[in-house]
Structures are given as structure tokens and as C-alpha cells.
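Quick notes on the structure that follows.
Each ligand, and each atom within it, is numbered from 1 in the order the structure gives. Side chains are part of it too, since the values below use all heavy atoms of this structure and drop only hydrogens, waters and symmetry mates.
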Amino acid sequence: MTADTLPTFADVEAAVKRIEGVAHKTPVLTSTTANELLGAQLYFKAENFQRMGAFKFRGAYNTLSQFTPEQKQKGVIAFSSGNHAQAVALSAKLLGIPATIVMPKDAPPAKLAATRGYGANVVLYDRFTEDRDAIARRISSETGGTVVPPYNDVGVLTGQGTVAYELLKEVPDLDYIFVPLGGGGLLSGTILAAQGLAPNAKVYGVEPAAGDDFQQSLRKGEIVKIPVPKTIADGAQTQAAGDITFKIVSNGVTDILTATDEQLVESIKFYAERLKIVVEPTGALSLAAARHAGIDLKGKKVGIIISGGNVDLVKWGKYLSEGLPQ
Ligand SMILES: *Cc1c(COP(=O)(O)O)cnc(C)c1O
């Protein structure tokens, strides 16, 4: 894909129509305490209330609903230990498409059970000795099934753009938008939505400090690959941007910021205490950077995307009571 065939705002609008009535239109929350703390007006787009608990449902459903009859019949294949797997499994179930999900043997039992619960065929692999891309490709060549990647895909990232589309329809004059960042699907979609609805809004992607591959890539002007980062933000442990997401982000992002695990725990606590909601570590990246990255937000209108709420509740309780595990 070349720069002149990159997706646009119109593709996000088309995705809005495809997911209408299927994905939840999630609420935009506000908090006087949060506003006072930052001296700004904050608008939290709460994708922790999305179906399966994260925005990933939007991109998966947008992609699968465009399958041809032949693709539908041959099925979909995804590899992921996290939210993308569940998003593909649920979308496939709703559309009557057989799904095969390649997951690590040591994935949390709750995630394995949830994925199987959506009727997907789960293929387990060993993270330390096997290559999941190779397994997915082999299944695809045997079955003719379509592999849906987690972020570097036009259908997926334009579906993710519907989050910011809804936010900006509700609050059209945002000055800033903060977006959790892994492989860049959500950030790319946000950039496209903002280009159509709020071209003056500044859009920041926020990565875990330990996994700043996108920030490094942006500074260097080419995709930098890093080892698997050690962070509690398990939805943003990506090692490298995709070629499509890197292009869209390079063209449209204001900057890429980072947040430490300590700051994520602090934000998770803030969400529990003030907004009374469960946010997973990756979903807390945006607030953590809005609070700590040194951007002057005084008197501004600020969108904060909460990307998901899928966190083991025992771990979540420990973040609240004990802070970051040592
Ligand atoms: C996948 C995910 C992200 C990162 O999204 P990308 O499109 O890979 O940048 C952020 N938060 C949550 C909760 C996720 O599941």
C-alpha cells in the first residue's frame, strides 16, 4: 500500500455504518475532580463498556462484515493472547463465520475460556519455541481461511476510528485527544476521524515507557523493532509498528508520549475511585500521559480514550491495595 492509497475519513464513515446497531455506542464520562486536577475539561470515551470489554470489537466486526461469501465459508484466523482474539471470535460468531484463534498455551485460562465460549476453535502454541505467524499461515494455506491481523489492516484500523468519530460527534471542539498506543490501529483510526471532524485537534499516542518503539520510529523516520517490552500494559507489548499504521501516524500525529507502570497504576486507582470504573493497564495510558507528560492542558477541552477494561480482577485489586507488584 502506498501513501496515496491510504485510507481516509470516508473509510471511517463507512465503518460507522457497518458497526451501527451491533457495536455499543459507548458513553462519554466526565468528572469534576478530574477537571480540577488537570485544570481542563476532560471527556473520557469509555470503551471498557464496549462488547467484549475493549474497542477491538469495532475493527474486527468492520473487517469480518466485509468478507465475501467465499471468505465467510472458509473462515477467519487470528493470532493473539488478548483482546483482538476475543473481538474476532465474537464478530465471527455474530456473522456465522467459523473462527480459528491461535493462542499461547500459557494464556490466562479466563481468556482461553472466553474465546472458546464464543465458539472459536482455539489452537494452542508454545510461545517460547513456536512462531504464531507461521502457525496462522499454515492453517490459512490448509483451509483457505483469511488471517485478520490485530492492527496493520485497513478494515481493522478504520473500524477502530469509529471510537474517536463518536467522541467527536458528541464533543466536536476538542483541543486534544490522548490515545493508548500498541501497534497503532486505534491511533491511526483516531487520526483519520479527527482529520474529518476536528482537523485542529492535537492527537497524542501514548505508549508504555518500556515499549517506546513507536516513539523511536517516529524520531528516526523508520520502523524500529524492539524486544518484547516488560510492562503491565499487556495490550501494548507490540515490538514494532505496521507499515500502514506507521505511515498514517507519521503523517498525522502531534507526538508520541510514554507512561510508566507506576503512572498506569495511579491512573487505574483514579478511575476506580473517581469514575467508579474498571480500566485495564493499557487503557490507562491516555490519562497517565495527560497527567504526567508535561503537556499544558490548562483551560482546554481534552478527549481521553479509555481503550479497555479486561484485567484480571485479583490483579486489579492488588493494584488498588498494594500498587505496582515488585
Ligand atoms: C490492542 C489494545 C490497545 C492498542 O491498540 P493498537 O491498535 O494495537 O495500537 C490499547 N488498549 C487496549 C485495551 C487494547 O486491547
Side-chain angles (χ1 to χ4, degrees), residues 7 12 15 26 44-60 62-63 78-90 107-108 111 114-115 148-164 177-193 203-208 211-215 217-218 223 229 231-242 244-246 248-249 252-253 256-259 264 267-268 271 277-289 304-312 316:
V12 176
T26 52
F44 296 95
K45 179 66 171 165
E47 284 296 298
N48 53 316
F49 294 128
Q50 187 50 264
R51 291 183 83 160
M52 52 62 58
F55 72 92
K56 290 242 174 41
F57 178 67
R58 295 169 181 267
N62 183 48
T63 303
F79 48 85
S80 157
S81 55
N83 290 331
H84 178 65
Q86 290 178 62
V88 169
L90 173 58
K111 289 209 165 143
T115 309
V148 174
Y151 49 86
N152 197 44
D153 179 274
V154 170
V156 169
L157 70 89
T158 54
Q160 321 304 28
T162 62
V163 176
I177 308 174
F178 289 82
V179 188
L181 170 58
L186 182 61
L187 180 59
S188 297
T190 303
I191 287 169
L192 298 179
V203 179
Y204 287 98
V206 187
E207 290 182 302
D212 64 346
D213 60 290
F214 233 116
Q215 190 182 61
S217 305
L218 193 71
I223 297 173
T231 166
I232 60 170
D234 56 356
Q237 282 180 309
T238 38
Q239 295 177 260
I244 307 171
T245 55
F246 182 65
I248 297 172
V249 170
V253 80
I256 291 174
L257 311 169
T258 62
L264 294 180
S267 293
I268 288 169
Y271 281 127
I277 59 174
V278 178
V279 177
E280 63 180 278
T282 315
L285 282 163
S286 40
L287 175 61
I304 307 276
I305 294 179
I306 300 171
S307 50
N310 291 330
V311 52
D312 178 277
W316 185 73

**Request:** Would you check whether Leu186 has a nitrogen or oxygen atom less than 3.5 angstrom from a nitrogen or oxygen atom of ligand 1?
**Result:** yes
**Asked** Should Ile248 and Pro7 count as side-chain neighbours, where that means a heavy-atom distance under 4.5 Å?
**Response** yes
**Complete:** Within 4.0 Å of some non-hydrogen atom of Gly308, the atoms of ligand 1 are 13 (C)
**Request:** Specify the protein heavy atom at minimum distance from atom 2 (C) of ligand 1: its residue, its atom name, and the distance to 0.1 Å.
**Result:** Lys56 NZ, 2.4 Å
**Message:** Quick check on side-chain contact (heavy atoms from CB on, under 4.5 Å): which of Leu287, Val179, Leu285 does Ile305 satisfy it with?
**Reply:** Val179
**Asked** How close does the nearest protein non-hydrogen atom get to atom 8 (O) of ligand 1, and which residue and atom is it?
**Response** Gly183 N, 2.8 Å
**Asked** Among protein heavy atoms, which sits nearest to atom 5 (O) of ligand 1, and what does the distance come to when rounded to 0.1 Å?
**Response** Phe55 CZ, 3.4 Å
**Asked** Of all the non-hydrogen atoms in the protein, which one sits nearest to atom 12 (C) of ligand 1, and at what distance?
**Response** Ser307 OG, 3.4 Å
**Asked** Using heavy atoms and a threshold below 4.0 Å, how should the contact between Glu280 and ligand 1 be classified: side chain, backbone, both, or neither?
**Response** side chain
**Request:** Go through the steps for Leu186 and Leu181 under the test side-chain contact (heavy atoms from CB on, under 4.5 Å), then give the verdict.
**Result:** CA-CA 7 Å; Leu186 182 61; Leu181 170 58; over 6 Å; no
**Item:** Proximal atoms of ligand 1 relative to Asn83 (non-hydrogen, under 4.0 Å)
**Value:** 13 (C), 14 (C), 15 (O)
**Request:** Give the C-alpha distance, both sets of side-chain angles, the deciding distance and a yes or no for side chain to side chain donor-acceptor pair (under 3.5 Å) between Thr26 and Gln50.
**Result:** CA-CA 6 Å; Thr26 52; Gln50 187 50 264; 5.0 Å; no
**Message:** Please confirm whether Gly184 approaches ligand 1 to less than 4.0 Å, judged on its heavy atoms.
**Reply:** yes
**Message:** Out of all atoms in ligand 1, which are within 4.0 Å of some heavy atom of Gly235? Include the element for each.
**Reply:** 1 (C), 2 (C), 3 (C), 4 (C)
**Item:** Donor-acceptor pair, side chain of Glu47 and main chain of Gly308, under 3.5 angstrom
**Value:** no
**Request:** Could you go through the side chain to side chain donor-acceptor pair (under 3.5 Å) check for Asn310 and Gln86 one step at a time?
**Result:** CA-CA 11 Å; Asn310 291 330; Gln86 290 178 62; 5.0 Å; no
**Message:** Keeping Asn152 on the side-chain end and Ile244 on the backbone end, is there a donor-acceptor pair under 3.5 Å?
**Reply:** yes
**Asked** Considering distance alone, does some N or O of Thr282 sit under 3.5 Å from an N or O of ligand 1?
**Response** no
**Prompt:** Do the side chains of Ile306 and Ile277 get nearer than 4.5 Å, heavy atoms only?
**Reply:** yes
**Asked** Judging by distance only, is a nitrogen or oxygen of Gly185 under 3.5 angstrom from one on ligand 1?
**Response** yes
**Prompt:** Parallel under 30°, tilted from 30 to 60°, perpendicular over 60°: which one fits the rings of Tyr204 and Phe178?
**Reply:** parallel
**Request:** Before signing off on this row, confirm whether Gly182 and ligand 1 have an N or O atom pair separated by under 3.5 Å.
**Result:** yes
